[in-house]
There are 2 protein chains.
Amino acid sequence: MTPDLENTAPRTAVQRTTKQREAVREALADTEGFVSAQALHSQLQRAGSTVGLATVYRALGTLAAAGDADTLQSPEGEALYRACSTGHHHHLICRNCGLTVEISADSVESWAQQVAAEHGFTRAAHVVDVFGLCAECSADGRRPVE
Amino acid sequence: MTPDLENTAPRTAVQRTTKQREAVREALADTEGFVSAQALHSQLQRAGSTVGLATVYRALGTLAAAGDADTLQSPEGEALYRACSTGHHHHLICRNCGLTVEISADSVESWAQQVAAEHGFTRAAHVVDVFGLCAECSADGRRPVE
DNA sequence: GTTCTAAATGAGAACGATTGTCAATCTCAC
DNA sequence: GTGAGATTGACAATCGTTCTCATTTAGAAC
């Protein structure tokens, strides 16, 4: 039945809605700022869920691929995720307390496109994030760890 | 003995010049584009050096800390290094063949500073890199691995 | 040149994040 | 309700990186 649907979604295998994936999605949505998969996993376990770590990774990967989650590499090399509904944007992150501010940067977007085009690059994506000390941490006067 | 010397150099331990560190520095300088520590290590071994992997990591860490090397996280989470003498700049990297083009971006620099300042952030640093397919790889028409 | 001390090294174990494997479970179209 | 196959969880495997520690070595003092 409805054989033309094949045309609509020929490549993507059917994706089922499972409690686990929903749990991950919600946990992510409830979290401010970026979290690592590991952190999200323990958070879920603390909340009584029995999701496995591998499942959390898979769910986050799926969310990120679908554009429902934002992902970036922390300076330590850990992958961080964040629920993301407002389309493409970048972040201003406090390296002391982790505070994250979403920033949109049209000028940077077009700059990236232009630079890529100038050099003949196609399918350009870009990584633009600003790390610093937020006002509060700056005021603390404490030097950051590093 | 000479107790007042403690006053002269209390914190920085003496740094010795060793063949290994020099070898790493040179290998890095001879390399175009970004290399991973692992790649640099095998390259050194192929060249006959006996440096250990841990030493390569230590040397790269030192170079990066001293500002003599550039470092960034690849999307795969690997740390990449590059000799860097031309001050602050960013990169346009082909995700298929690894070709790297240095790009300077005054507009982005000032934008980052401004955005940080707007939100009260201090000591701002930023990560700005553009990934794409270089002209050649685009022409190949082959879809990238991912 | 010889001696001495602490920095640096190398080998490999340890570590932490992530991915793969696979039998068991659960969703959903029928 | 039933069945096919997507998804799961537990854990092993992998990969990049760091740590440990006995040994070597650079560089200052003699």
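Here is the naming used below: chain letters follow the sequence lines, and residue numbers restart at 1 for every chain. Model, not experiment: these values are computed from the prediction.
- If you check dG20(C), dT18(C), dT17(D) against the side chain of Leu53(B), the one that comes closest is dT17(D).
- If you check dT18(C), dT17(D), dG10(C) against the side chain of Tyr57(A), the one that comes closest is dT18(C).
- Taking Glu118(A) as the reference, Gln114(A) meet the side chain to side chain donor-acceptor pair (under 3.5 Å) condition, with sequence neighbours excluded.
- Between Leu80(A) atom CG and dG16(C) atom P there is a gap of 17 Å when expressed in whole angstrom units.
- What separates CD of Glu22(B) from P of dT25(D) is a distance of 17 Å, to the nearest Å.
- In this structure, the side chain of His41(B) engages the main chain of Val51(B) through a donor-acceptor pair within 3.5 Å.
- A salt bridge is defined here as a Lys NZ or Arg NE, NH1 or NH2 lying under 4.0 Å from an Asp or Glu carboxylate O, and Glu22(A) with Arg25(A) meets this definition.
- In this entry the distance linking CD of Glu78(A) with P of dT17(D) reads 14 Å, nearest Å.
- Looking at every heavy atom in both residues, Ala69(B) comes nearest to Leu28(B) through CB-CD2, 3.9 Å.
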Run the side-chain contact (heavy atoms from CB on, under 4.5 Å) check on Arg21(B) and Thr62(B) step by step: do they pass? CA-CA 9 Å; Arg21(B) 230 200 300 266; Thr62(B) 307; 3.9 Å; yes
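- Distances shorter than 4.0 Å separate some side-chain N or O of Thr18(A) from OP1 or OP2 on dT8(D).
- The base of dG20(C) lies outside donor-acceptor range of the side chain of Arg58(A), with no N or O pair under 3.5 Å.
- Residue Gln20(A) places at least one side-chain N or O closer than 4.0 Å to OP1 or OP2 of dG9(D).
- Among the nucleotides dA10(D), dT17(D), dT18(C), the one closest to the side chain of Ala79(B) is dT17(D).
- The residue Ser36(B) sits apart from the nucleic acid: no heavy atom pair falls under 4.0 Å.
- For dA26(D), the OP1/OP2 oxygens have no side-chain nitrogen or oxygen of Thr17(B) closer than 4.0 Å.
- Atom C1' of nucleotide dG16(D) and atom CG of Leu60(B) are separated by 13 Å, given to the nearest angstrom.
- No N or O donor and acceptor, one from the side chain of Arg21(B) and one from the base of dA8(C), sit under 3.5 Å apart.
- Going from atom CD of Gln38(B) over to atom C1' of dT14(D) covers 12 Å, rounded to whole Å.
- With dT18(C), dT17(D), dG5(D) as the choices, the nucleotide that has an atom nearest any side-chain atom of Arg16(A) turns out to be dG5(D).
- Counting to the nearest Å, the C1' atom of dA10(D) and the NE2 atom of His41(A) are 10 Å from each other.
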